[in-house]
Amino acid sequence: MIKDKQIQIIETVFKNFQKQKNKTDADGITHIIDAGRYTSLERFEREKELIIKSHPIVVGATGQLQSNGDYFLHDLTGTPILIVKGKDGVVRAFLNMCRHRGVRLLEESEGKIKRNIVCPYHAWAYDTTGCLKAVFHEQGFDGVNAETHSLIELDCWVRLGMLFVVPNPELKGKFDIDDWLSEVYSITEDFEFGDLYPYHFTSETLDCNWKLVVDGALEGYHFKIAHANTIGKYFLDNLSLNMENKLHSTIVFPKRALEKMKELPETEWRLRQGANILIHIFPNTVILIEPDHIMVVSFVPIDEKTTQFYSFMLLPTEPQSQKDKDYWDLNAKIFWNAISEDNEMAVLQQKSFNGYSDTEMVVGSYEKLLVQFEILVDEMISP
Ligand code: FES
Ligand SMILES: [Fe+2]
């Protein structure tokens, strides 16, 4: 985000604050969202296939693959994905599936491939670039070679300290990732996203539809109430700013600390110091830019009523001492306490809708990013 834009945002917050008025974008329009969208199995299947498996999704952090041969597996989408840093230093993603008779090639969730990936069934071997290197008793397999039977590759990119993969191999080549992320770059360009160190991986299963947890991230209206005992007190009530977007949403959540910035000359205003900046990377990832680190959270739909939630921190450098670790662990704890409160609300919504889905949610203008997200989901799954 260019500095002028940061100053503009801070000025807007000050203006709203002075006027004792809540949010510039409160247009008073109320929207209605049907609850059935969170309980329908048929809709879930379309969302999983046409949204989650068909778009670049975050599968992990770049720093998980430090040296050539390092790999990890990602099975949450249902597609068995192997992400590996090749002997040539390039990160690629493949289906974790042998081209002979389909056996799962690697079972350990992470590790290092020394030379080749060798299938445990008949020892077909692939190198770390996915190339078929050896077929056991190859005279029995006419027409099978590296060109025809190397591993099935998926689109995979390293961007913003994260790894993006499109799980559906049939869509390989369809996405221009930089075009896809251009709205995100317009926010992140002024912040450090270089060589970030991933830390504190956490995962949890939630009894709710994945869209409910995304919805919860897209408004600050709940801060003062749902987070009353945790982070609520650090933020200015209901003064979050929504940024213009088509695909990926951005919200700036101003903290009380921002008020102090008023006393400083404009040249010293730093948005990141006085606000949390949340970017929803469509479809299922949220990143939170905090003053000295970044939190990444992804919500993977398991079924219509279950979501696997996973999160990691991106730190400027690897923690060197116990003191460093304690500092980041405390940050993680504060974040998790707040996120657990959000998750709990999503689970309570789901509980209600599981019992009675023939109802609607009323969504106010403060929550309009949520409406935009749900409309986008509808557009993407419509025939
Ligand atoms: S299934 Fe992999 S070598 Fe046979
Ligand atoms: Fe929240």
Side-chain angles (χ1 to χ4, degrees), residues 80 82 94-107 113 116-127 130-146 148-152 204 206 208 210-242 249-255 275-280 285-290 295-299 307 309 311 331-349 363-364 366-367 369-370 373:
L82 156 67
F94 303 102
L95 292 186
N96 181 21
M97 191 185 281
C98 182
R99 294 298 310 277
H100 175 217
R101 276 166 53 198
V103 158
R104 192 170 160 87
L105 290 166
L106 294 162
E107 246 317 65
I113 297 155
N116 286 331
I117 304 163
V118 181
C119 179
Y121 204 176
H122 316 90
W124 285 27
Y126 308 85
D127 72 12
C131 182
L132 178 66
K133 298 304 276 188
V135 172
F136 189 47
H137 297 311
E138 66 182 331
Q139 61 275 26
F141 291 92
D142 268 357
V144 169
N145 55 54
T148 59
H149 287 78
S150 286
L151 294 183
I152 296 173
E204 194 181 321
L206 302 175
C208 65
W210 71 286
K211 301 189 300 302
L212 285 171
V213 244
V214 175
D215 289 350
L218 293 178
E219 49 92 358
Y221 176 48
H222 69 278
F223 265 51
K224 196 172 174 179
I225 315 301
H227 300 308
N229 298 319
T230 55
I231 56 166
K233 54 183 176 287
Y234 302 123
F235 290 86
L236 293 168
D237 178 31
N238 208 26
L239 280 172
S240 57
L241 296 187
N242 300 333
S249 306
T250 298
I251 319 182
V252 175
F253 296 109
K255 293 184 193 160
N276 278 356
I277 303 147
L278 180 144
I279 306 173
H280 168 223
T285 294
V286 166
I287 62 173
L288 189 68
I289 303 176
E290 300 204 42
M295 295 293 320
V296 181
V297 182
S298 277
F299 313 104
T307 297
F309 171 105
S311 136
N331 265 276
K333 193 171 168 232
I334 293 168
F335 177 79
W336 261 92
N337 285 343
I339 284 288
S340 307
E341 290 167 341
D342 292 322
N343 294 346
E344 199 185 322
M345 291 304 131
V347 169
L348 290 179
Q349 284 176 290
V363 177
Y366 310 133
E367 304 159 293
L369 289 184
L370 184 163
F373 164 64

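When a residue number appears, it is its place in the shown sequence, counting from 1. For ligands, and for the atoms within them, numbers begin at 1 and follow the listed sequence.
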Item to complete: Taking the six-membered ring for Trp and the single ring otherwise, decide whether the centroids of F373 and H280 are under 6.0 Å apart.
Response: yes
Fill in: For the student: nearest non-hydrogen atoms of K255 and F235, plus distance
CG-CE2, 3.6 Å
Item to complete: Apply the ring-ring contact (aromatic ring centres under 6.0 Å, His included) test between H100 and each candidate in F136, F141, Y121, Y126; give the one that qualifies.
Response: F141
Discussion item. At a cut-off of 2.8 Å, what protein N/O/S atoms sit near atom 2 (Fe) of ligand 1?
Written reply: C98 SG, C119 SG
Worksheet item: Between N337 and H227, does any side-chain donor sit less than 3.5 Å from a side-chain acceptor?
Response: no
Worksheet item: Just wondering, do W124 and V144 contact through their side chains at under 4.5 Å, heavy atoms?
Response: yes
Worksheet item: So, the side chain of N96 versus the backbone of L105: is there a donor-acceptor pair under 3.5 Å, distance only?
Response: yes
Discussion item. Given a threshold of 2.8 Å, state how many protein N/O/S atoms are nearer than that to the Fe ion (ligand 2).
Written reply: 4
Fill in: Side chain to side chain, S311 and I339, heavy atoms closer than 4.5 Å
no
Worksheet item: Which pairs with one or both residues in residues 96-107 pass salt bridge (Lys or Arg N to Asp or Glu O under 4.0 Å), sequence neighbours excluded?
Response: D75-R104, R104-E107
Worksheet item: By side chain to side chain contact (heavy atoms under 4.5 Å, CB included), which residues pair with A346, not counting sequence neighbours?
Response: C208, L212, V213, Q349
